[in-house]
Amino acid sequence: MNIFKKISEHRAEKERLAWTGTFAQYIEKIREHPELAMTAHSRVYEMIASQGMVEQSGQIKYKFFEQDIFGLDKTVEKLVEEYFHSAARRLEVRKRILLLMGPVSGGKSTIVTLLKRGLEQFSRTDKGAVFAIKGCPMHEEPLHLIPLELRHEIEQELGVKIEGTLCPSCQMRLKTEYGLNLEDVLIERVLLSEESRIGIGTFSPSDPKSQDIADLTGSIDFSTITEFGSESDPRAYRFDGELNKANRGIMEFQEMLKCDEKFLWNLLSLTQEGNFKAGRFALISADESVVIRYYLKSKIMTGNSIMNLFLFA
């Protein structure tokens, strides 16, 4: 095998997938392919379903998991059908956090890793393409540019559902860079990547006394305060928290239940309302599937905001 030829082909494929255009051009893409505006939960479900499934003895087996997950067919079916499929249809289950609980070697890490790696590959396909406002720190859905007052009529015309609002950074750029001309805003195709922190985030708790909520929601860039004069100026804020970067994809929390309660408040707001609070800004919209991976000892948490999935191999 020619290693450098493979590397060259990989680089060429990435260049082929690159696309940049205006919001007006993106709207035309949506007219032809409304599925491009799918939610994060829909993206995960479509990724799994695209690999195919078979029914054996009245039970559904998904090819997406068959090479790495064994003996958890019922659990996987519940994961896909009761959570991701229902959430993709915008049912109330999407307002729940997916909690994977089980002993060591129960399959928790494997499932989460498969979902993250699968999303990275799916975003490189035509069906799983993800488009975002160019330069947005949260690579958010371009349809958020459409004013709330006009959405109902435009939704009917395009055959899509628009949820969420522009992040503070894009709100300012729309005024200063584009003069409120929505059709001129640049849109680009992004490839989901955990390494590049695009659409896939991972949070691991550390010492409760030193853990900062800014790791989730971003923080003030104090070096720019004197330049912009206010902490509420989006240019003086780093939207680089894990919740910011995981927008449009999936967010994994490792042993999250060991963290302080203040970290869970943001999760509840994100899942229940589709937004979270950061700095001195209004609520920031985010669309992401939240997964908590927790080693089961003796304490079991339940509640209407939690989708429990017990993994026992």
Side-chain angles (χ1 to χ4, degrees), residues 23 26 30 36-47 84 87-88 90 94-98 112 115-116 118-120 122-124 128-146 160-174 185-203 213-219 234 237-253 256 263 265-279 281-292:
F23 183 57
Y26 176 70
I30 292 294
L36 291 177
M38 72 178 81
T39 63
H41 287 95
S42 297
R43 186 168 291 108
V44 175
Y45 176 73
E46 292 296 335
M47 169 196 70
F84 285 116
R90 300 180 186 272
R94 69 175 178 153
K95 295 184 178 181
R96 294 185 179 184
I97 299 169
L98 179 61
V112 175
L115 293 178
K116 292 193 291 186
L119 275 179
E120 291 181 342
F122 190 57
S123 70
R124 287 162 169 77
V130 182
F131 293 87
I133 299 174
K134 188 171 184 178
C136 174
M138 295 180 59
H139 29 265
E140 69 176 299
E141 169 60 59
L143 292 178
H144 289 179
L145 288 164
I146 298 175
V160 299
K161 180 69 175 177
I162 306 173
E163 297 178 338
T165 57
L166 285 176
C167 71
S169 177
C170 287
Q171 290 180 33
M172 172 167 282
R173 292 179 58 226
L174 179 60
V185 176
L186 291 179
I187 309 299
E188 65 178 349
R189 181 174 180 177
V190 296
L191 303 179
L192 302 190
S193 169
E194 183 176 20
E195 181 180 350
S196 301
R197 301 184 73 206
I198 300 177
I200 300 176
T202 303
F203 180 85
I213 194 67
D215 294 341
L216 283 180
T217 61
S219 60
Y237 196 87
R238 293 192 295 263
F239 296 91
D240 59 356
E242 292 300 323
L243 293 183
N244 304 102
K245 295 302 182 180
N247 188 34
R248 311 294 300 283
I250 192 169
M251 178 70 206
E252 176 196 5
F253 291 85
M256 186 63 185
F263 289 86
W265 297 338
N266 280 287
L267 292 190
L268 292 177
S269 175
L270 176 62
T271 54
Q272 295 288 312
E273 308 297 336
N275 52 51
F276 62 92
K277 192 74 172 67
F281 303 105
L283 293 171
I284 298 176
S285 296
D287 173 32
E288 52 200 83
S289 178
V290 179
V291 181
I292 294 180

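On a predicted model such as this, the values are computed, not experimentally measured, just so you know. When a residue number appears, it is its place in the shown sequence, counting from 1.
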Main-chain N/O of [Y] paired to [X] side chain as donor or acceptor, under 3.5 Å:
X: S269; Y: W265; value: no
X: N275; Y: I284; value: no
X: R248; Y: H139; value: yes
X: N244; Y: M138; value: no
X: K245; Y: P137; value: yes
X: S196; Y: S193; value: no
X: S123; Y: L191; value: no

Query raised in the report: Run the side-chain contact (heavy atoms from CB on, under 4.5 Å) check on L143 and Y26 step by step: do they pass?
Result: CA-CA 9 Å; L143 292 178; Y26 176 70; 4.1 Å; yes

Does the side chain of [X] reach to within under 4.5 Å of the side chain of [Y], using non-hydrogen atoms?
X: D215; Y: E242; result: no
X: E195; Y: E120; result: no
X: I292; Y: L267; result: yes
X: L98; Y: F84; result: yes
X: E252; Y: F203; result: no
X: F239; Y: C136; result: no
X: F23; Y: F131; result: no

If we check side-chain contact (heavy atoms from CB on, under 4.5 Å) with [X], which of these qualifies: [options]?
X: E140; options: C167, S169, S285; value: C167
X: I133; options: R173, H144, E188; value: R173
X: F253; options: V112, V290, V291; value: V290

Could you tell me the separation between the [atom1] atom of [X] and the [atom2] atom of [Y], rounded to the nearest 0.5 Å?
X: T217; Y: L243; atom1: OG1; atom2: CG; result: 7.0 Å
X: I97; Y: T271; atom1: CD1; atom2: OG1; result: 4.5 Å
X: R197; Y: D240; atom1: CZ; atom2: CG; result: 6.0 Å
X: L115; Y: L119; atom1: CG; atom2: CG; result: 7.0 Å
X: L270; Y: L283; atom1: CG; atom2: CG; result: 11.0 Å

Requested in this report: Determine, for E288 against R94, whether the closest basic-nitrogen to carboxylate-oxygen distance falls under 4.0 angstrom.
Outcome: no

Query raised in the report: Do E273 and K95 sit within salt-bridge range, that is, some charged N less than 4.0 Å from a carboxylate O?
Result: no

Query raised in the report: Aromatic rings Y237 and F281: how do their planes relate, parallel, tilted or perpendicular, breaks at 30° and 60°?
Result: perpendicular

Report task. List for me each residue that meets side chain to side chain donor-acceptor pair (under 3.5 Å) alongside T202, sequence neighbours excluded, and say none if there are none. Result -> K116, E194

**Report entry** side chain to side chain donor-acceptor pair (under 3.5 Å) partners of R43, counting only residues at least two apart
**Finding:** none

Query - D287 vs E141, side-chain contact (heavy atoms from CB on, under 4.5 Å): CA-CA, chis, key distance, verdict - result: CA-CA 9 Å; D287 173 32; E141 169 60 59; over 6 Å; no

